[in-house]
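Letters go in sequence order (proteins before strands), and every chain restarts at 1. All values derive from a computational prediction rather than experimental measurement.
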Amino acid sequence: MPLVLYNTLTRTKDVFEPLVPGHVGMYVCGPTVYDRAHIGNARPVIVFDVLYRLLKSLYPSVRYVRNITDVDDKINQRAKDSGEPISAITERTTRMFHEDIGALNCLPPDVEPRATAHITQMIAMIERLIAKGHAYAAEGHVLFAVGSMGNYGKLSGRSSDEMIAGARVEVAPYKKDAGDFVLWKPSSPDLPGWESPWGRGRPGWHIECSAMSLEHLGETFDIHGGGQDLVFPHHENEIAQSTCANGAPFARVWLHNGWLMVEGEKMSKSLGNFFTVRDLLDKAPGEAIRLAMLTTHYHQPFDWTNDGLKQAKATLDRLYTALRGVADIDANGYDEAPIEVLAALEDDLNTPLAISHLHELVGALNKATHLEDKARAKGRLLASGHLLGLLHQDPEAWFKGGAAGGPADDEIDALIVARAEARKAKNFAESDRIRNALLDQGVVLEDGPSGTSWKRA
RNA sequence: GGCCGGGUGGCAGAGUGGCUAUGCAGCGGACUGCAAAUCCGCGUACGUCGGUUCAAUUCCGGCCUCGGCCUCCA
């Protein structure tokens with residue numbers, strides 16, 4: 001099965017072929033580090049992590065670049081409000097981002113470039129744009145001239161006329177065209193700035209991704225991803241900058257994940273439905289958050305609900321229950337994901353369909369009676385989970401790690417021994433008393449053929 | 001206003017021109033001291049009105065409806 005991806009540029013599902021056989025380059029827009037990642041920030045990170053895992057399983061060499069935007073007016077504003085130095089804010093927020101994303105079992109990218117480390121490359125690119133007549137300096141600013149580019153607006157499917165007609169903000173007087181956007185702008189002494197041919201200033205938003213993708217992936221590369229809201233203006237402008245500066249095609253395939261809603265409404269601070277990843281990690285395992293996100297196709301809007309999170313947790317309980325039962329069975333030699341799981345992911349990253357196959361695989365595992373069948377089913381389930389970034393934990397850790405508090409592990413084990421004696425003596429009143437007492441403390445006992453196991457609810 | 005994407009069984013959520021996923025919830029059964037877990041069985045749903053077709057939830061058109069974007073929000 002060939003890998004097929006929905007390309008925003010062509011508006012169709014296209015068969016994916018790397019530019020250089022066997023090598024894939026992918027750039028995904030990363031966070032602006034001024035605050036904790038919220039749940040909406042997590043979606044593209046998780047989605048493209050699954051794509052990264054899939055690509056790694058299909059091609060010998062994958063280079064995944066995800067930037068850190070550490071120069072931005074929101075960061076400046078935050079520093080002004082709090083009095084904290086900018087570098088302290090960006091470093092701390094970057095660290096927290098890594099922690100949160102790590103808890104969602106996302107692999108680190110191969111390269112994580114920071115915007116402030118690529119100012120030289122940005123300035124060089126802006127100079128090339130001016131030299132080629134695609135940009136002009138005005139009042140300390142440098143602007144990209146959209147009129148100089150023939151097919152500006154192709155990605156987002158809009159014409160220059162439409163954009164000018166739709167402009168609802170006051171057009172800065174130094175702009176030749178209402179659609180022109182900033183490549184470089186002047187900085188006052190209290191703001192971050194770098195010396196440039198146009199005076200001390202700082203980059204516009206879009207130029208960093210053009211400069212960093214060029215530096216780490218070259219002029220033309222395979223995949224560029226991000227949230228759907230970035231299609232316009234961010235990605236449109238990246239295309240304009242890069243193709244005009246480099247004189248070469250830019251990203252070949254554009255992927256965009258859909259917006260995130262919360263309980264059917266747009267997430268916003270004013271509605272009180274705004275969550276950070278950290279907030280959720282305090283009440284649910286990262287793996288459940290990850291699974292919940294993957295139950296909807298990446299291209300669709302995703303509705304984050306408490307119920308969905310509970311279901312994801314229940315699904316993982318079911319999967320880990322099966323794995324716990326075969327913990328001592330060696331699945332070596334069965335480390336390939338079944339064809340149907342691979343086929344689902346290769347069809348434009350159909351994670352909901354892949355997850356449905358996970359359910360079928362766990363059913364097969366539960367029904368298997370022969371050792372060989374169990375080993376095969378276990379291996380296939382684990383390999384499938386690995387592609388999705390799931391089922392990486394030890395089942396015991398999944399069940400016993402749970403919420404803090406409650407009785408200690410050895411306390412529980414002692415009570416299980418006492419209960420076993422009561423059951424042996426047919427003293428079921430006592431055995432049920434012990435089980436209910438533990439249940440009240442959030443510990444669930446399950447009697448099986450090989451003894452009693454427990455988990456934290 | 002312009003552009004774009006949706007409307008699937010109680011819920012979540014894939015998919016397909018005829019064979020109608022998957023999970024949760026529900027019902028019945030097996031197993032169990034009782035539970036839990038697990039297994040077996042049970043649900044013909046695709047916004048609306050037309051069209052094309054031997055056959056449409058799936059293709060085409062109108063309508064209703066929900067959501068997103070339209071200069072820096074992932």
Side-chain angles (χ1 to χ4, degrees), chain A residues 8 11 28-32 37-48 69 72-74 146 153 156-159 161-172 175 178-182 204-206 225-234 236-237 256-261 264-268 291-292 294-297 299-303 305 307-308 310-315 317-319 321-322 324-325 340 344 347 350-360 362-363 365-367 422-423 426-429 431-432 435-436 439 444-449 452-455:
Chain A
T8 307
R11 313 247 170 212
V28 175
C29 291
T32 299
H38 64 248
I39 184 70
N41 294 314
R43 168 118 105 142
V45 180
I46 291 171
V47 163
F48 290 106
T69 297
D72 180 272
D73 285 351
K74 285 193 293 295
V146 296
S156 53
R158 59 190 79 200
S159 69
D161 293 348
E162 280 170 351
M163 283 176 285
I164 293 162
R168 55 184 182 185
V169 295
E170 201 178 323
V171 177
K175 286 191 182 180
D180 292 352
F181 57 91
V182 170
W205 176 34
H206 317 296
Q228 209 157 54
D229 54 305
L230 293 181
V231 173
F232 187 87
H234 185 53
E236 196 70 76
N237 291 349
H256 294 98
N257 61 274
W259 195 267
L260 180 131
M261 315 271 288
E265 291 182 298
K266 181 170 176 170
M267 180 172 73
S268 73
L291 176 61
L294 294 176
T295 54
T296 296
H297 185 89
H299 208 253
Q300 297 282 84
F302 174 72
D303 192 14
T305 63
D307 194 54
K310 267 172 27 192
Q311 272 205 32
K313 168 82 164 51
T315 297
D317 279 341
R318 173 171 149 85
L319 300 179
T321 296
R324 174 151 78 167
E340 60 266 28
D347 183 12
N350 193 338
T351 53
L353 188 59
I355 290 165
S356 81
H357 293 310
L358 243 44
H359 287 293
E360 286 162 359
V362 77
L365 176 56
N366 284 331
K367 275 178 274 192
R423 291 181 73 206
K426 305 270 188 219
N427 184 355
F428 296 121
S431 96
D432 288 352
R435 186 170 62 196
N436 288 329
L439 187 62
V444 179
L445 297 191
E446 294 174 2
D447 299 325
T452 299
S453 60
W454 64 271
K455 63 184 181 188

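Pair check for B:U58 finds none; no Watson-Crick or G-U wobble contact set falls under 3.5 Å. Pairing for B:A21 is absent, judged as Watson-Crick or G-U wobble with the two contacts each under 3.5 Å. B:C34: no Watson-Crick or G-U partner with both key distances under 3.5 Å is found in any strand. In this structure, B:C27 and B:G41 make a Watson-Crick or G-U wobble pair, each of the two defining distances being under 3.5 angstrom. Here B:C3 sits opposite B:G68 as a Watson-Crick or G-U wobble pair (both hydrogen-bonding atom distances under 3.5 Å). With a cut-off of 3.5 Å on both Watson-Crick or G-U wobble distances, the partner of B:G9 is given as none.
Nucleotides B:A35 and B:G26 place their P atoms 16 Å apart, quoted to the nearest Å. Rounded to whole Å, the separation between the C1' atoms of B:U65 and B:A74 comes to 27 Å. One C1' atom belongs to B:G51, the other to B:A56, and the distance between them is 11 Å to the nearest Å. Distance check on atom C1': B:U57 versus B:G9 gives 12 Å, rounded to whole Å. With C1' as the reference atom, B:A12 and B:A21 are 13 Å apart, rounded to whole Å. Atom P of B:A36 sits at a distance of 12 Å from the matching atom of B:A25, rounded to the whole Å. Nucleotides B:C24 and B:C66 place their C1' atoms 25 Å apart, quoted to the nearest Å. To the nearest whole angstrom, the two P atoms, one in B:C19 and one in B:U58, are 13 Å apart.
Taking side-chain N and O atoms only, A:Asn257 has no distance below 4.0 Å to OP1 or OP2 of B:A74. Distances shorter than 4.0 Å separate some side-chain N or O of A:Lys367 from OP1 or OP2 on B:C40. Within the structure, a side-chain polar atom (N or O) of A:Thr296 is placed less than 4.0 Å from OP1 or OP2 of B:G13.
A:Asp447 contributes no side-chain N or O that, together with a main-chain N or O of A:Thr452, makes up a donor-acceptor pair within less than 3.5 Å.
Regarding A:Glu360, its CD atom lies at a distance of 13 Å from the P atom of B:C39, rounded to whole Å. Taking atom CG on A:Leu365 and atom P on B:C39, their separation rounds to 10 Å, with Å as the unit. To the nearest angstrom, P of B:G5 lies 12 Å from CD of A:Gln300.
No hydrogens or angles were tested; on distance alone, nothing pairs the side chain of A:Arg318 with the base of B:G23 as donor and acceptor under 3.5 Å. The base of B:C34 sits with one of its N or O atoms less than 3.5 Å from a complementary donor or acceptor on the side chain of A:Arg435. Judged by atom type and distance alone, A:Ser431 reaches the base of B:G33 through a side-chain donor-acceptor pair under 3.5 Å. Between the side chain of A:Asp72 and the base of B:C72, no donor-acceptor pair of N or O atoms lies under 3.5 Å.
Within the nucleic acid shown, A:Gly40 comes within 4.0 Å of at least one base atom, counting heavy atoms only. Nucleic acid contact for A:Leu260: base, since at least one base atom lies under 4.0 Å from a heavy atom of the residue. Contact annotation for A:Asp447: base contact, defined as any heavy-atom pair under 4.0 Å involving a base atom. Note on A:Ile355: nothing from the nucleic acid sits closer than 4.0 angstrom, heavy atoms only. Backbone-only contact: A:His359 has heavy atoms under 4.0 Å from sugar-phosphate atoms and none from a base.
Here B:C72 is the nucleotide among B:C72, B:A36, B:A21 with the atom lying nearest to any side-chain atom of A:Val182. Residue A:Lys74 has its side chain nearest to B:A74 when only B:A14, B:A74, B:C39 are considered. You'll find that the side chain of A:Asp432 is closest to B:C34, out of B:C34, B:A74, B:A14. Taking the side chain of A:Lys175 as heavy atoms from C-beta on, and the options B:G13, B:U71, B:G33, the nearest nucleotide is B:U71. Considering only side-chain atoms of A:Leu230, the nucleotide from B:C39, B:C72, B:A74 that sits closest is B:A74. Side-chain proximity of A:Pro44 to B:G23, B:A74, B:G5: nearest is B:A74. You'll find that the side chain of A:Gln311 is closest to B:G23, out of B:C72, B:G23, B:A74. Looking at the side chain of A:His38, the nearest of the listed nucleotides B:A74, B:A14, B:A21 is B:A74. The nucleotide whose nearest atom lies closest to any side-chain atom of A:Asn350 is, among B:A36, B:A14, B:U22, B:A14. For A:Val444, the side-chain atoms get nearest to B:A36 when compared with the rest of B:A74, B:A36, B:G33.
A:Thr295 places none of its side-chain heavy atoms less than 4.5 Å from the side chain of A:Thr351. Looking at A:Cys29 and A:Leu230, their side chains come closer than 4.5 Å, going by heavy atoms from C-beta outward.
Nearest heavy atoms, A:Phe232 versus A:Ser156: CD1-OG, 3.6 Å. In this structure, A:Trp454 and A:Arg324 approach most closely via the heavy-atom pair O-NH1, 2.9 Å. The two residues A:His299 and A:His256 come nearest to each other via the heavy atoms CD2-O, 3.4 Å.
Applying the side-chain hydrogen bond (donor to acceptor under 3.5 Å, both in side chains) test to A:Glu340 and every residue at least two apart in sequence or in another chain returns nothing. With sequence neighbours excluded, no residue forms a side-chain hydrogen bond (donor to acceptor under 3.5 Å, both in side chains) with A:Asn350.
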Considering only nitrogen or oxygen atoms on both sides, find all protein atoms under 3.5 Å from nucleotides 65-69 of chain B and state each distance.
{"from": "B:C69", "atom 1": "OP1", "to": "A:Lys266", "atom 2": "NZ", "distance (Å)": "3.2"}

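Taking the six-membered ring for Trp and thresholds of 30 and 60 degrees, A:His206 and A:His234 have ring planes inclined between 30 and 60 degrees apart.
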